[in-house]
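Written below as structure tokens is the structure these notes are about.
If you read the sequence from its start, that first residue is 1, and numbering goes on from there. Small disclaimer: the values here were computed from a predicted structure and weren't measured.
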Amino acid sequence: MYHYILQVYPEPHKEDDWTTEDDFIDRPDLIPIADHVKAVCDRSSAIRHFEQWFHLHHMGTFSGGSFVLAPDARSHYFAGRFPEFRNNLKALEAVSETQYINDHDYVEKLLSDLISSFSQSRDSYVMESDDPPIPFDHFIRTAVPGVPYYIGAVMEYHC
């Protein structure tokens, strides 16, 4: 499955400054689940796809190669996910000491389910400037509403 990695900046940057797939070759730990990372074949199409998704989910405004998160973007993005997180947390809280000690696979699955309900690591990523990529969930939680984010490189990874 392919997912995007969007590089965003607080102001427009020249294409020469954008990250390239070469920046990922020597650093496979940046996205450990990725088999490989490469530049998208059609950057404009990828940005249009992101723009359509952005509007469909009421995330804010989009103009050309930049976007601004709405004040309620987090609520729209995470709508309905908190109950799943709480259910996964309750299941983990119900683990007995015996299960904790003896049932590694079961407890590990519960932990994985909890982590996935908080932040999906098998989805799109965002690189703020030249920082390492972070899951899109993380970016939405930390991005500042009302601030423009200019899209630089658009990469894709396969997992």
Would you say [X] and [Y] are hydrophobically clustered, going by side-chain heavy atoms of ILVMFWY under 4.5 Å?
X	Y	result
Phe82	Leu92	yes
Val40	Tyr157	no
Ile151	Tyr2	no
Phe139	Leu56	no
Val126	Met59	yes

**Study point:** Validation row, ring centre Tyr4 to ring centre Phe50 under 6.0 Å
**Key:** no
Minimum-distance pair of heavy atoms, taken over all atoms of [X] and [Y]:
X	Y	value
Val95	Tyr106	CG2-CE2, 4.4 Å
Asp131	Met127	O-CE, 3.5 Å
Pro10	Ser129	CD-OG, 3.7 Å
Pro148	Val68	CA-CG2, 3.7 Å
Ser66	Tyr150	CB-CD2, 3.5 Å
Pro135	Ser119	CB-OG, 3.7 Å

Heavy-atom count around [X] [atom1] within 6.0 Å, excluding the residue itself: above 12?
X	atom1	value
Phe78	CZ	yes
Glu11	CD	yes
His55	NE2	yes

Review point. Quick one: which of Leu6, Asp42, Thr19 gives a side-chain contact (heavy atoms from CB on, under 4.5 Å) with Val154?
Key: Leu6
Check your understanding: What's the verdict on side chain to side chain contact (heavy atoms under 4.5 Å, CB included) for Gln7 and Asp130, showing C-alpha distance, side-chain angles and the deciding distance?
Key -> CA-CA 8 Å; Gln7 184 176 33; Asp130 294 321; 3.3 Å; yes
Practice item. Please assess Leu110 against Leu114 for the test side chain to side chain contact (heavy atoms under 4.5 Å, CB included), listing each intermediate value before the final yes or no. Key: CA-CA 6 Å; Leu110 292 177; Leu114 179 64; over 6 Å; no
Check your understanding: Only one of Arg74, Arg81, Arg122 clears salt bridge (charged side-chain N to carboxylate O under 4.0 Å, His left out) with Asp137; which?
Key -> Arg81
Point to revise | Check against side chain to side chain contact (heavy atoms under 4.5 Å, CB included), Met155 and Tyr125 | key: CA-CA 9 Å; Met155 312 295 286; Tyr125 279 71; over 6 Å; no
Hey, what do you get for [atom1] ([X]) to [atom2] ([Y]), rounding to the nearest 0.5 Å?
X	Y	atom1	atom2	answer
Asn88	Ser112	CG	OG	9.5 Å
Gln52	His49	CD	NE2	7.0 Å
Asn102	Glu97	CG	CD	9.5 Å
Ser124	Glu156	OG	CD	10.5 Å
Phe54	Ile47	CZ	CD1	12.5 Å

Return the orientation label for the [X] and [Y] ring planes: parallel under 30°, perpendicular over 60°, tilted otherwise.
X	Y	answer
His76	His58	tilted
Tyr9	His13	parallel
Phe85	Phe118	tilted

**Study point:** Test: Asp113 and Lys109 ion pair at under 4.0 Å
**Key:** yes
**Study point:** Listed partners of Asp17 passing side-chain hydrogen bond (donor to acceptor under 3.5 Å, both in side chains), at least two apart
**Key:** none
Review point. Between the side chain of Glu21 and the main-chain N/O of Ala39, is any donor-acceptor distance below 3.5 Å?
Key: yes
Practice item. Given side chain to side chain contact (heavy atoms under 4.5 Å, CB included), test Glu128 with Tyr149 step by step and report yes or no. Key: CA-CA 9 Å; Glu128 293 188 71; Tyr149 290 92; 4.0 Å; yes
